[in-house]
Amino acid sequence: MEPKKKNKPNTLVVVLFSLIILMIVIYFILVTFFPAVFSTLNTGDLQPVPADK
């Protein structure tokens with residue numbers, strides 16, 4: 001009997017997935033310890049549309 005070959009994902013897929021996870025973790029660490037950095041970001045608050053437009 002032949003040994004079964006495991007279906008392994010491409011190395012690039014593993015690296016990209018790991019980078020995404022790492023970026024999310026770093027974001028939460030930065031938000032926790034340096035909230036002033038993110039306080040100036042636009043939050044996308046809705047503003048009323050003037051009637052004359």
Side-chain angles (χ1 to χ4, degrees):
M1 264 173 69
E2 295 180 15
K4 292 184 179 179
K5 293 182 180 179
K6 292 191 175 185
N7 187 9
K8 296 171 72 174
N10 192 352
T11 307
L12 184 63
V13 172
V14 174
V15 169
L16 289 177
F17 188 75
S18 302
L19 282 175
I20 291 171
I21 300 297
L22 186 66
M23 287 173 60
I24 292 171
V25 169
I26 290 173
Y27 170 77
F28 282 113
I29 291 172
L30 286 174
V31 167
T32 303
F33 292 108
F34 305 106
V37 174
F38 298 96
S39 65
T40 59
L41 290 178
N42 184 9
T43 58
D45 292 333
L46 296 176
Q47 297 178 352
V49 178
D52 61 340
K53 287 194 176 184

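Keep in mind the model is a prediction, meaning the values are calculated, not measured. Sequence positions, counted from 1, serve as the residue numbers for this chain.
Applying the ring pair (Phe, Tyr, Trp, His ring centres under 6.0 Å) test to every pair with at least one member in residues 8-34, sequence neighbours left out, gives these pairs: Y27-F38.
Once rounded to the nearest 0.5 Å, the distance linking OG1 of T11 with CG of L16 reads 11.0 Å.
Following chains of ILVMFWY side-chain contacts shorter than 4.5 Å, one cannot reach I20 starting from V13, and the two form parts of different hydrophobic clusters. There is no path of hydrophobic side-chain contacts, each under 4.5 Å, that joins V37 to M23. Hydrophobic clustering (side-chain heavy atoms under 4.5 Å, transitive across Ile, Leu, Val, Met, Phe, Trp, Tyr) keeps V15 apart from I24. Under the 4.5 Å side-chain heavy-atom criterion for grouping Ile, Leu, Val, Met, Phe, Trp and Tyr, I21 is not connected to L19 through any hydrophobic cluster.
Looking at residues two or more places apart in sequence or on another chain, you find a side-chain hydrogen bond (donor to acceptor under 3.5 Å, both in side chains) between D45 and T43.
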